[in-house]
Amino acid sequence: MSEEQQGFDTRQIHAGAQPDPATGARQVPIYQTTAYQFRDSAHAAALFGLQEVGFIYSRLTNPTIAALQDRIAQLEGGAGAVCCSSGHAAQIMALFPLMMPGCNIVASTRLYGGTLTQFTQTFKRFGWSAKLVDFDDTDAVKAAIDDNTRAIFCETIANPGGYITDLDAIAAIANDAGIPLIVDNTTATPYLCNPIDHGATLVVHSLTKYMTGNGTVTGGVVVDSGKFDWSASDKFPSLSQPEPAYHGLNFHETFGPAAFTFHGIAIGLRDLGMTMNPQGAHYTLMGIETLSLRMQKHVANAQAVAEWAAKDDRISEVTYPGLTASPYHDRISRIVPKGAGALFTIRLKGGYDACVASVSNMKLFSHVANLGDARSLVIHPASTTHSQLTEDEQIKSGAAPDVLRLSIGIEDAKDIIADLDQALI
Ligand SMILES: *Cc1c(COP(=O)(O)O)cnc(C)c1O
């Protein structure tokens with residue numbers, strides 16, 4: 001049986017890993033080395049010429065990180081994956097081979113706050129731009145695409161919570177336009193959704209969140225489906241034409257479905273240097289071994305807490321899609337059939353002041369700017385992550401002054417509910 005045919009729980013433990021060839025060590029060793037000794041000069045030349053695949057220098061490749069890349073590629077159903085230093089680095093690494101000055105992407109308005117800042121502000125410094133569109137308005141998505149659009153970007157389950165993207169509908173638009181769909185699958189994880197099955201070309205993750213699962217690592221990954229035909233148009237010359245940054249190599253012609261992955265390592269990591277470290281990759285490999293078990297508990301706890309919150313008098317709205325009242329409830333069975341994640345917002349009738357006081361009262365919940373930890377986490381976006389926006393902008397991005405964002409952990413649901421019950425005002 002090939003590894004691709006094994007079940008998710010088997011792959012999350014075994015994919016990409018084997019007993020260490022040098023020592024027999026059963027767990028993937030942390031290869032804490034910068035460089036790798038060449039067998040001889042011919043070997044060194046073959047590695048640099050990409051005629052032979054192997055390890056040269058850890059900015060490019062490292063055996064611990066290679067095991068993690070292989071594991072994530074197999075969990076997402078991709079042809080290859082490149083790990084990098086953070087989720088935000090993964091977004092740049094995914095776009096870098098596609099973009100040139102003057103190019104744009106069409107992106108959902110419902111994105112992680114830091115992603116919105118990267119797309120609307122920092123992109124300008126590269127000569128790139130992002131057109132933000134409501135992804136429920138498919139006509140608006142189509143209308144936003146122009147000759148300089150090189151990708152469509154969205155999140156499976158969008159931060160701060162409660163929104164599920166209709167990936168199939170968006171993938172159909174990308175396909176018609178001949179451009180790749182990039183999906184940030186951080187909040188769903190490959191256990192709840194495989195965007196490639198819904199037509200995504202590239203999948204990015206912040207490994208910082210559920211994949212590692214305990215708030216110990218900053219990391220990211222870009223997974224390539226291997227299915228996009230980069231040579232079908234002249235839009236992606238860095239992949240489909242001789243690339244001057246690699247002495248005229250044509251990546252698509254040379255590597256076929258592995259073109260994007262090779263480009264990510266040979267040019268992306270080589271020149272941008274957003275490399276993951278082997279210690280971080282080790283923690284993430286350990287985390288992924290229990291991903292399915294943790295996500296089942298995250299989802300079950302989120303459902304229990306959301307149902308409790310929906311009945312509580314102090315709360316005016318709960319945005320969890322697992323509740324039948326959610327406008328996105330009917331997308332669960334198609335996009336995230338094992339559950340709608342564990343991230344959602346509640347609105348307090350007492351407004352801004354009640355939110356700030358309630359957060360201070362919480363004992364089990366940690367007040368942090370993270371999500372996807374084994375611990376339950378809370379933040380009041382209007383006084384923290386979204387405090388620089390106007391009240392109108394806060395409301396539009398789902399971070400109104402009366403909103404608290406909850407990232408439900410894997411403690412006992414009754415203890416999570418008890419903490420909210422004693423804390424809320
Ligand atoms: C955290 C997060 C990011 C950014 O990841 P970092 O690892 O913090 O750089 C991007 N997208 C989503 C959905 C996130 O939750």
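Values reported hereafter were calculated over all heavy atoms of this structure, with side chains retained and with hydrogens, waters and symmetry mates removed. Indexing begins at 1, ligand by ligand and atom by atom, following the structure's order.
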- Please find out if less than 6.0 Å separates the ring center of Phe236 from that of Phe228. yes
- Is there a donor-acceptor contact under 3.5 Å linking the side chains of Asp146 and Thr149? yes
- For the residue pair Leu420 and Phe365, establish whether any side-chain heavy-atom pair is separated by less than 4.5 Å. yes
- Proximal protein residues to ligand 1, non-hydrogen atoms under 4.0 angstrom: Ser86, Gly87, His88, Gln91, Tyr112, Thr115, Glu155, Asn159, Asp184, Thr186, Ser206, Thr208, Lys209, Gly219, Leu371
- Note on the structure: Exactly one candidate in Leu202, Val204, Ile170 meets side chain to side chain contact (heavy atoms under 4.5 Å, CB included) with Phe153; the answer is Val204
- Please check if any side-chain donor atom of Gln296 sits under 3.5 Å from a side-chain acceptor atom of Tyr191, or the reverse. yes
- Item | Residues forming a salt bridge (Lys or Arg N to Asp or Glu O under 4.0 Å) with Arg334, sequence neighbours excluded | Asp166, Asp168
